[in-house]
There are 2 protein chains.
Amino acid sequence: MSQRNQNRGERISEAEHAVMEVLWDTNPISASDVCEAICAERDWSIATVKTLLSRLVQKEVVGTEPDGRKFLYRPLIERSDYVGVESRRLVDRLFGGRAAPLFAQLAESEALTDDDLAEIEALLREMRK
Amino acid sequence: MSQRNQNRGERISEAEHAVMEVLWDTNPISASDVCEAICAERDWSIATVKTLLSRLVQKEVVGTEPDGRKFLYRPLIERSDYVGVESRRLVDRLFGGRAAPLFAQLAESEALTDDDLAEIEALLREMRK
DNA sequence: TCGCTTCGGCTACAGACGTAATCGAAGAAT
DNA sequence: ATTCTTCGATTACGTCTGTAGCCGAAGCGA
């Protein structure tokens, strides 16, 4: 059921979200290992990662636990919660809360692969029950 | 086909987007009429609307034309373009570019009404050809 | 024990954003 | 003509974001 845990709207920024993805993928994890995972890709310095981590801790969406002399970080919110909130936010903002127009939009802009279509059809059949 | 017109990534902020919605709805339109349309709802002053309008003009997503002593504003980008870009951005960021998981997410979080389902099914049938 | 390295914490700082007041030109009213 | 009103333009300013440097404590190597 994954209860709502998007702390009173404490928004997670784009860069912060990139860090969250790492934490969701592997956790608990140290700051330097997070850097290991994305610094190259995003062309960041370790300092940047540390700042983002501490902002996430402040926002109470990431927790820490001491590990010897260093810290390990772990997400305090579920990725599915985050993704759900963000998806809904977009649907609300851009499509008046209706999902069908979003679907139409994606279809029109060719963002739907054949695989997507097949999968969605399967899901639909699934829900039909 | 609505060619790409999201000017070299000039992002439109949330507040700016609200103004764009008014312009897409009615245009050309004067600053005060835009205010008429949203100032109450968003609890803004006319000054705020004027700032947002000029930022949109700077970003070249809104154009102006003189109308006697005042200006009329009109959108320079299609709503469908904007919506397409934003939708894709979300799908890329949150679902690795795949639309099916987004669909699943919406389904799971009960963001899909029966109407949505029916509409999507219709669209699917449509695309099947 | 004395630097060298490593970490987290604090500080910094420019650009974007939300929100708005003020200013100067141009009309409108009298 | 003089004042009042209306606009767009300019300026303001606090917060958030992206990006990072510096500092002091704690281990580590010698």
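Lettering of chains follows the sequences in order, A, B, ..., and the numbering in each one begins at 1.
Ionic pairing of B/Arg125 and A/Glu121 is not present here: no N-O contact between side-chain nitrogen and carboxylate oxygen is shorter than 4.0 angstrom.
Every residue two or more places apart in sequence or in another chain that forms a salt bridge (charged side-chain N to carboxylate O under 4.0 Å, His left out) with A/Glu126 is listed here: A/Lys129. Every residue was checked against the side chain to side chain contact (heavy atoms under 4.5 Å, CB included) condition with B/Ser54, not counting sequence neighbours, and none meets it. The side chain to side chain donor-acceptor pair (under 3.5 Å) test applied to A/Asp67 returns no partner, not counting sequence neighbours. Every side chain to side chain donor-acceptor pair (under 3.5 Å) that A/Glu21 has, sequence neighbours left out, goes to A/His17, A/Arg79. Scanning for side chain to side chain contact (heavy atoms under 4.5 Å, CB included) contacts around B/Ala37 gives B/Val22, with sequence neighbours left out. Remark: B/Pro101 pairs with B/Phe95, B/Arg98 by the side chain to side chain contact (heavy atoms under 4.5 Å, CB included) rule, at least two apart or across chains. When the side chain to side chain donor-acceptor pair (under 3.5 Å) test is applied to A/Arg74, the partners found at least two apart in sequence or on another chain are A/Asn27, A/Glu65. For B/Ser32, the side chain to side chain donor-acceptor pair (under 3.5 Å) partners are B/Ser30, not counting sequence neighbours.
Mapping heavy-atom proximity under 4.0 Å, the span of DNA chain C touched by chain A runs 5' to 3' from C/dC7 to C/dA12.
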Atom pairs under 3.5 Å, N or O on each side, protein against nucleotides 13-17 of chain D: can you list them with distances?
residue, atom, partner, partner atom, Å
D/dT17, OP2, A/Lys59, NZ, 3.2

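Counting only residues at least two apart or on different chains, no salt bridge (Lys or Arg N to Asp or Glu O under 4.0 Å) pair has a member in residues 23-49 of chain A.
Residues of residues 29-54 of chain B that place a heavy atom closer than 4.0 Å to DNA chain D, in numerical order, are B/Ala31, B/Lys50.
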